[in-house]
Novice: 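Take a look at the following structure, please.
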Amino acid sequence: MNDARPIILKLGGSAITDKAEEAKPRTDIINRLAEEIKRADLDNLIVVHGGGSFGHPTAAKYGIKDGYKEDPTQKFGFAETHHMMTVLNGLVMDALIWHEIPAVSIAPSNCFVTENCKVKFFDETVMKNMAKLIFTPVLYGDVVFDEKLGFTVLSGDQLVAYLALKYKAQKIVIGTDTDGLFDCDPKTNPEAKPFKKLNLKELKELQPKLGKAQGTDVTGGMAGKIAELIPVVEAGIHVTITGATKGLSIYRALTDQSVLGTEIEKA
Ligand code: IPE
């Protein structure tokens, strides 16, 4: 039985896909990340990945996040968005399996139900059995049924926060396409300054100032990400945000080594 508190790794959609083009994976990066995960050799890891250019454009096209508006085309949009996510998940799974990681995907649309976009129900039976036998569960931002809205989008960041609080995670590592959090968008502003360390108070002050992501993002970009992290940091869980597109940052962060990025702690 594996009773260890999990380490949760989020692979951001901006890192594993090219957000500038619809449904464009970055397979070289996905492959390298699988190599880093294998090298870290953790038996209590939960992986969650985002949607990037697979999830967001289809979800936006059919207005999935805001719920079912009695428009039958939305039902196809829900199905298509889920399918796009399973295609991206398949690529992530290909890389993990190729690296001989006992990874099995769990589709959030099949075991989570929300109410007004917040998780109301999670069937954890499969997850618990996986933990017992030391598998690596892989979840992803997905469309889910919602008891008030009909359906919505449950982001990878919401999943990370929910699982971290539920299972009292040891720590969270978030891999993005930038080396941590910056005071403004480093992709458009060369003067952008990185935050090396943030405490809860600083994170709360920063949250409303952070911008939306580039490209289509139905789940609120960086500001949305931070909003999800606040309760996690409040619970005393350490969060590292680092670059996942190059180097060994994910391996280093998973194995408690210093990385270029932002460390977030309660105090
Ligand atoms: C989005 O998940 C999933 C869908 C749009 C279906 P995330 O919000 O976690 O994705 P990224 O990491 O921002 O791309």
Side-chain angles (χ1 to χ4, degrees), residues 8-26 29-30 33 46-68 74-92 105-112 114 117-119 138-146 149-164 172-178 180-181 185 187 210-229 232 239 241-245 250:
I8 303 183
L9 171 65
K10 162 94 196 277
L11 302 175
S14 60
I16 61 171
T17 74
D18 182 346
K19 276 199 155 180
E21 218 175 294
E22 211 168 309
K24 189 156 184 234
R26 290 164 124 179
I29 291 175
I30 295 173
L33 287 167
I46 298 175
V47 178
V48 178
H49 68 78
S53 63
F54 281 75
H56 292 284
T58 324
K61 181 172 163 199
Y62 294 96
I64 305 299
K65 175 81 186 154
D66 297 333
Y68 184 45
Q74 280 188 299
K75 289 208 266 181
F76 176 71
F78 179 97
E80 190 185 347
T81 309
H82 170 67
H83 178 66
M84 292 302 284
M85 287 308 304
T86 66
V87 172
L88 177 60
N89 178 249
L91 299 174
V92 173
S105 61
I106 296 181
S109 51
N110 294 187
C111 55
F112 282 87
T114 55
C117 306
K118 298 266 168 267
V119 174
V138 182
L139 297 90
Y140 47 87
D142 198 3
V143 290
V144 290
F145 292 100
D146 186 290
L149 304 170
F151 50 60
T152 188
V153 173
L154 182 64
S155 73
D157 300 309
Q158 281 175 281
L159 286 165
V160 166
Y162 178 84
L163 296 171
I172 295 173
V173 175
I174 299 181
T176 67
D177 61 342
T178 56
L181 286 179
D185 190 346
K187 278 172 274 168
L210 286 167
K212 290 229 160 210
Q214 283 183 314
T216 316
D217 191 320
V218 297
T219 53
M222 203 46 102
K225 198 177 288 299
I226 299 307
E228 293 304 330
L229 286 180
V232 165
V239 179
I241 304 181
T242 187
T245 55
I250 295 301

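Heavy-atom basis, side chains included; hydrogens, waters and symmetry copies ignored. Each ligand, and each atom within it, is numbered from 1 in the order the structure gives.
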Novice: Is any N or O atom of Thr81, backbone or side chain, closer than 3.5 Å to an N or O atom of ligand 1?
Specialist: no
Novice: May I ask you to check whether Val143 has an N/O atom sitting below 3.5 Å from an N/O atom of ligand 1?
Specialist: no
Novice: Between the candidates Lys10, Met85, His56, which shows the shortest non-hydrogen contact distance to atom 1 (C) of ligand 1?
Specialist: His56
Novice: Heavy-atom contact under 4.0 Å between Gln158 and ligand 1?
Specialist: no
Novice: Knowing that exactly one of Phe145, Phe151, Phe78 qualifies, which makes a ring pair (Phe, Tyr, Trp, His ring centres under 6.0 Å) with Tyr68?
Specialist: Phe151
Novice: Could an N or O of ligand 1 be found under 3.5 Å from any N or O of Gly12, whether backbone or side chain?
Specialist: no
Novice: So is Lys225 touching ligand 1 or not, going by heavy atoms under 4.0 Å?
Specialist: no
Novice: Just need the protein heavy atom nearest to atom 5 (C) of ligand 1, so name the residue and atom and give the distance.
Specialist: Gly55 C, 3.4 Å
Novice: Looking only at protein heavy atoms, identify the closest one to atom 9 (O) of ligand 1 and say how far it is in Å.
Specialist: Gly156 N, 2.7 Å
Novice: Between Thr245 and Asp177, does any side-chain donor sit less than 3.5 Å from a side-chain acceptor?
Specialist: no
Novice: Between Leu11 and ligand 1, is there a nitrogen or oxygen pair with a distance under 3.5 Å?
Specialist: no
Novice: Could you tell me whether some N/O pair between Gly50 and ligand 1 is separated by less than 3.5 angstrom?
Specialist: no
Novice: Considering non-hydrogen atoms of the protein only, which is the closest contact for atom 4 (C) of ligand 1, and what is the distance?
Specialist: Val153 CG1, 3.8 Å
Novice: Short question: side chain of Thr176, backbone of Gly12 - any donor-acceptor pair under 3.5 Å?
Specialist: no
Novice: What distance do Gln74 atom CD and Asp66 atom CG have between them, rounded to the nearest 0.5 Å?
Specialist: 9.0 Å
Novice: Looking at atom 12 (O) of ligand 1, what's its closest protein heavy atom, distance included?
Specialist: Gly13 N, 2.8 Å
Novice: With rounding to the nearest 0.5 Å, note down the distance linking CD1 in Ile30 to CD1 in Ile16.
Specialist: 5.0 Å
Novice: Just need the protein heavy atom nearest to atom 10 (O) of ligand 1, so name the residue and atom and give the distance.
Specialist: Gly51 N, 2.9 Å
Novice: In Å, rounded to the nearest 0.5 Å, how long is the span from NZ of Lys65 to CG of Leu154?
Specialist: 7.5 Å
Novice: Would you mind checking which non-hydrogen protein atom is closest to atom 8 (O) of ligand 1, with the distance to 0.1 Å?
Specialist: Thr219 OG1, 2.5 Å
Novice: If you take the nearest heavy atom of each of Gly52, Gly141, Gly175, Ser14, which one is closest to atom 2 (O) of ligand 1?
Specialist: Gly141
